[in-house]
Amino acid sequence: MRYWLLKSEGDCYSIDDLKKDTKTSWSGIRNYQARNFMRDDMKKGDLALFYHSNSKPNGVYGIAKIVAEAHSDETQFDKKDDHYDATSDKNNPRWMCVDVAFVKKFKEPVSLEEIKHDPHLEGMMVRQTGSRLSVQPVSEKHFNYIVKELAQ
DNA sequence: GCCAACGTTGGC
DNA sequence: GCCAACGTTGGC
């Protein structure tokens with residue numbers, strides 16, 4: 001079993017939206033590295049930290065669970081969608097997404113500020129400046145530390 | 001709103 | 001295959 005961090009702009013799709021929807025397709029990812037993680041490494045049952053960017057504060061707001069492994073991201077074929085990709089082939093879709101379900105919202109978010117200054121979390125990808133990857137692997141140790149020690 | 005860091009595109 | 005130009009992300 002693996003652990004992940006999923007980034008979303010807080011005012012675009014938040015942990016509250018996921019709570020309301022119960023589950024959602026993690027569509028619209030148009031970055032090869034992120035796609036490869038979803039396609040090759042994410043398995044049903046994996047857990048993910050739900051991270052808000054462009055928020056106050058930025059940080060981990062809760063937990064989500066992978067409930068369906070990678071499948072075609074249909075937004076790539078929707079001309080009206082922001083993530084439409086005219087060059088993707090229906091018979092060999094370029095973009096994939098997984099389905100995630102709501103698990104838990106933290107009482108208080110674990111802020112990026114906290115994550116950056118905690119020595120237990122050294123090496124976490126989200127700490128690196130300029131790390132724009134929106135689907136990141138997280139070590140079990142870091143995941144558990146955030147969930148059990150920092151979050152309420 | 002600014003801008004640094006990064007990914008992608010396209011000319012050569 | 002290189003690299004400049006461009007667009008986007010995301011912290012501040």
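Keep in mind that this is a model prediction, so the values were computed, not measured. Throughout, protein chains are lettered first and strands after them, A, B, ... in sequence-line order, and every chain is numbered starting at 1.
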is_close_aromatic(A:Phe50, A:Trp26), centroid dist under 6.0 Å: yes
Contacts of type side-chain hydrogen bond (donor to acceptor under 3.5 Å, both in side chains), residue A:Thr87, not counting sequence neighbours: A:Asp85, A:Arg94
Touch class at under 4.0 angstrom, heavy-atom based, for A:Asn54 against every strand present: base
Outermost DNA chain C nucleotides near chain A [under 4.0 Å, heavy atoms]: C:dG7 to C:dC12
Flag side-chain contact, heavy atom, 4.5 Å: A:Val100 against A:Val67: no
Sugar-phosphate, base or nothing in reach of A:Lys116, heavy atoms under 4.0 Å: sugar-phosphate
Result of checking A:Asp99, A:Thr75, A:Asp73 against A:Ser25 for side chain to side chain donor-acceptor pair (under 3.5 Å): A:Asp99
Under the side-chain hydrogen bond (donor to acceptor under 3.5 Å, both in side chains) test, residues paired with A:Asn58 that sit two or more places apart: none
